[in-house]
Each structure stands twice: as structure tokens, then as C-alpha cells.
S.K.: 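One structure is given below, represented as C-alpha cells, and several questions about it will come after.
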Amino acid sequence: MKVGFIGLGNVGGKLSGSLLRNGIDLSVYDLNEALVTKAAEVGATAANDPAELIRNCDAVITCLPSPAASDQVMQQMLPEIGPGKIWMEMSTTDEAEVKRLGAMVEQAGGTAVDCPVSGGCHRADTGNISIFAGCDRETFERIAPLLKTMGRRILHTGPIGSASVLKVITNYLATANLLTCCEALVTAKAAGMDLNTAYEAIKISSGTSFVHETESQVILNGSRDISFTMDLVSKDIGLFQAVADRHDVPLEINPLMIKIFKDGEERFGSRELSPNIIRRLEEATGLEITAPGFPYEMTDDEPEEPGYEVIPTGRDGRAGQ
């Protein structure tokens, strides 16, 4: 299968790297020509535009920063879409928007999949990230080899749109975990606790989480570098809010988180690293939340292994059927 990849940023560059590393015939495109050149140096074919990619490839993956960017790319690809072509949307996007674009693809004779990732850039870099896939089962079987090359744990979530809903749900939970970790670490410092000991206490307790075991480390290092920015957090929890609003769920916590990150963007800039939301509390208390011995950035120490399908508890593996 010939594959195209559009969007070579923090996540896309790493996912496309997994495809190249494992011998996939890959063509790439990005508005940043330097990123295209870098991918070409390790075996990718450079494309001139999205239309060329979909014309020459069996499947095109998009991994872009916003629904608007995906729409712009789709408008360029759409005239070249026909039977046998697959669009795989790996961006974090809105359920309604991916369904809208997917319907356009299907009307043109192609097939659409939303397949966002979860687990952090460090796991995207090693092919060990988790991937959700929303599509019919036949299409899932066709693209499963690609998903298992880019990711470790692959979950077929049901029809198109379902993966995007679950993705923004998990990002909402990650954001809530980040904010509570920030409050916990600042409170520990204010109470005179040693932060190295506090980190371990949380890690071995009922209070631990994936976010604590990853993002708390770069918070304590002082780098706060997880290759993710405040504006992207705001986008994601805004998408989660939109899902809840469409279904009349009266959320209480998420609106407060939206307010907190809006304040963070106003204070520190939209492109500030997202764990630096802790600076709001550092400034309010005059405390510096750092400790020795923690890494500058997260790395994945799991060896790269072939991915596998995760079967939901109580199901037979045929999600959506």
C-alpha cells in the first residue's frame, strides 16, 4: 500500500517516522518545507501538494493542528478522491466535523476513518502510542497493518466519529489530571514536603495517573517540555465541551478548566508549554516547583513491538457491529 502523510509536526513527524522505519512506501507534505526535506532524507518521497498525494497514494493520513486545517487540506484532495482511496484523519478534531468531511469522501467514492492517537509524543516516537479507529470493520481490517506499525494498542471504536469523541474525552481527563497534579505539587511544597518524596508518594498511591508519572516529571525538572502547548489544550477541552453541549450534559469541571487555560494563555502566551499552567500557582504562592533528578523530556523505554488490537471488555472484537 502506498501511503501519504500530511502534517509533520510534533506528533505527525513521529508517526510518519514509524512508517518509514518499518519500510512503508511513504510520500509526505507539510507547509514547512524543512520538515518535508528532513523526512525525504530518511526515505520519504516529497509531494508538492495534498492533491498529488491522494492521486498517487492508496491512503492519505492527515495529522493537523485544527479542524480548519483539515478542511483546507480536504478541499484540495477531494477532486482526486475516488473508489479505493482512504482518508485517515489522525488529528484531534470535532466529531461533527470529521463526519462532515467523511461524508464528502464517501460521496466521492472513497473511505474515511478517524484514528486519533493518545499517549504522548514520546510514545509516538517509538511506535508504542495508542490509536483509536472509527470506521466500518472491513476498512479497519484493511488499515490495521498501518495502525499496528504506528501504534502499540489499537482500538476499533465503532463508526466514523466515535474515535474523535473518545479522543477528546481522554484529553479532557488528561487535562484534569494535569491541573490536579499542579495543585498537589504546589500544596506539597507549601506544606514543607520534599518534592522528590511527594512525587514517589503520589506514584505508589491511589492518587497516581499516567499524567503524574509523565508530566509531573518534566514539571519538577523545570523544563515543562512535553511538546504540547496551552492553545492545543484549550482546543481539546473546547471540543470536549462541544460534545457535552450537543448531548445536554451539564458539565461543571470542564468550564472551569477552560477558564484556567484561557487565563494561562493570556498570561504566558498561547504557545507556552501546557505543563507551565503550574506557573499560575507558582506566581500566586512565590514557590518554585522543581526538584533534582527528573528528566528534561519524556522518553519511551518500551522496545518497539508490533501493535495489536485491544478488544473491549465484554465484546467479541467487532465494535460497532
Side-chain angles (χ1 to χ4, degrees), residues 1-9 11-13 15-16 18-19 24-31 36 39 44-45 47-117 124 129 131-151 154-168 239 319-320:
M1 179 182 285
K2 296 183 67 174
V3 180
F5 205 107
I6 301 174
L8 304 176
V11 176
L15 294 171
S16 60
S18 290
L19 294 173
I24 300 298
D25 184 356
L26 188 71
S27 298
V28 299
Y29 176 77
D30 194 283
L31 292 176
V36 175
T45 299
N48 293 312
D49 53 51
E52 179 184 324
L53 271 188
I54 193 69
R55 184 166 58 248
N56 295 334
C57 296
D58 302 297
V60 169
I61 297 165
T62 50
C63 190
L64 299 164
S66 70
S70 292
D71 178 69
Q72 291 172 6
V73 166
M74 179 55 66
Q75 299 314 316
Q76 296 178 64
M77 293 197 300
L78 200 58
E80 303 291 339
I81 292 176
K85 301 292 186 180
I86 302 174
W87 170 52
M88 298 169 60
E89 172 63 294
M90 300 196 82
S91 318
T92 299
T93 191
D94 179 61
E95 168 205 13
E97 179 65 1
V98 77
K99 285 181 175 179
R100 183 183 74 85
L101 295 181
M104 295 166 64
V105 169
E106 291 169 5
Q107 189 173 27
T111 303
V113 184
D114 62 326
C115 44
V117 301
I129 203 161
I131 304 177
F132 304 153
C135 57
D136 62 80
R137 187 69 197 185
E138 181 180 354
T139 300
F140 177 80
E141 298 286 358
R142 186 178 174 194
I143 64 170
L146 291 178
L147 299 179
K148 292 175 182 178
T149 298
M150 290 184 284
I154 314 301
L155 179 65
H156 181 211
T157 58
I160 188 168
S162 59
S164 292
V165 171
L166 291 171
K167 167 63 174 176
V168 298
L239 291 171

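Throughout, numbering of the chain's residues begins at 1 and tracks the sequence. Please read all numbers here as calculations on a predicted model, not as lab measurements.
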S.K.: What residues form a side chain to side chain contact (heavy atoms under 4.5 Å, CB included) with Pro65, not counting sequence neighbours?
M.R.: Ala69

S.K.: For Gln75, give me all partners under side chain to side chain donor-acceptor pair (under 3.5 Å), at least two apart in sequence or on another chain.
M.R.: Asp71

S.K.: Just to verify, what does Leu166 make a side chain to side chain contact (heavy atoms under 4.5 Å, CB included) with, not counting sequence neighbours?
M.R.: Phe132, Thr157, Ile169

S.K.: Could you tell me which residues satisfy salt bridge (charged side-chain N to carboxylate O under 4.0 Å, His left out) with Lys99, sequence neighbours excluded, listed by chain and number?
M.R.: Glu95

S.K.: State which residues pass side chain to side chain contact (heavy atoms under 4.5 Å, CB included) with Ala112; sequence neighbours excluded, sorted by chain then number.
M.R.: Trp87, Val105, Glu106, Ile160

S.K.: Give the minimum heavy-atom separation between Met88 and Leu147, together with the two atoms involved.
M.R.: CE-CD2, 3.7 Å

S.K.: What pairs with Thr45 under side chain to side chain donor-acceptor pair (under 3.5 Å), at least two apart in sequence or on another chain?
M.R.: none

S.K.: Which donor-acceptor pairs under 3.5 Å do side chains of residues 53-60 form with protein atoms, sequence neighbours excluded?
M.R.:
unit_1, atom_1, unit_2, atom_2, d
Arg55, NH1, Glu80, OE2, 3.2
Asn56, ND2, Glu52, O, 3.4
Asp58, OD2, Lys2, N, 2.7

S.K.: Answer yes or no: is there a side-chain heavy-atom contact under 4.5 Å between Met74 and Ile81?
M.R.: yes

S.K.: For Thr111, which residues count as a side chain to side chain donor-acceptor pair (under 3.5 Å) partner, sequence neighbours excluded?
M.R.: none

S.K.: Can you list the residues that meet the salt bridge (charged side-chain N to carboxylate O under 4.0 Å, His left out) rule with Asp49, with sequence neighbours excluded?
M.R.: none

S.K.: What residues form a side chain to side chain contact (heavy atoms under 4.5 Å, CB included) with Thr93, not counting sequence neighbours?
M.R.: Pro67, Glu89, Glu97, Val98, Ser164

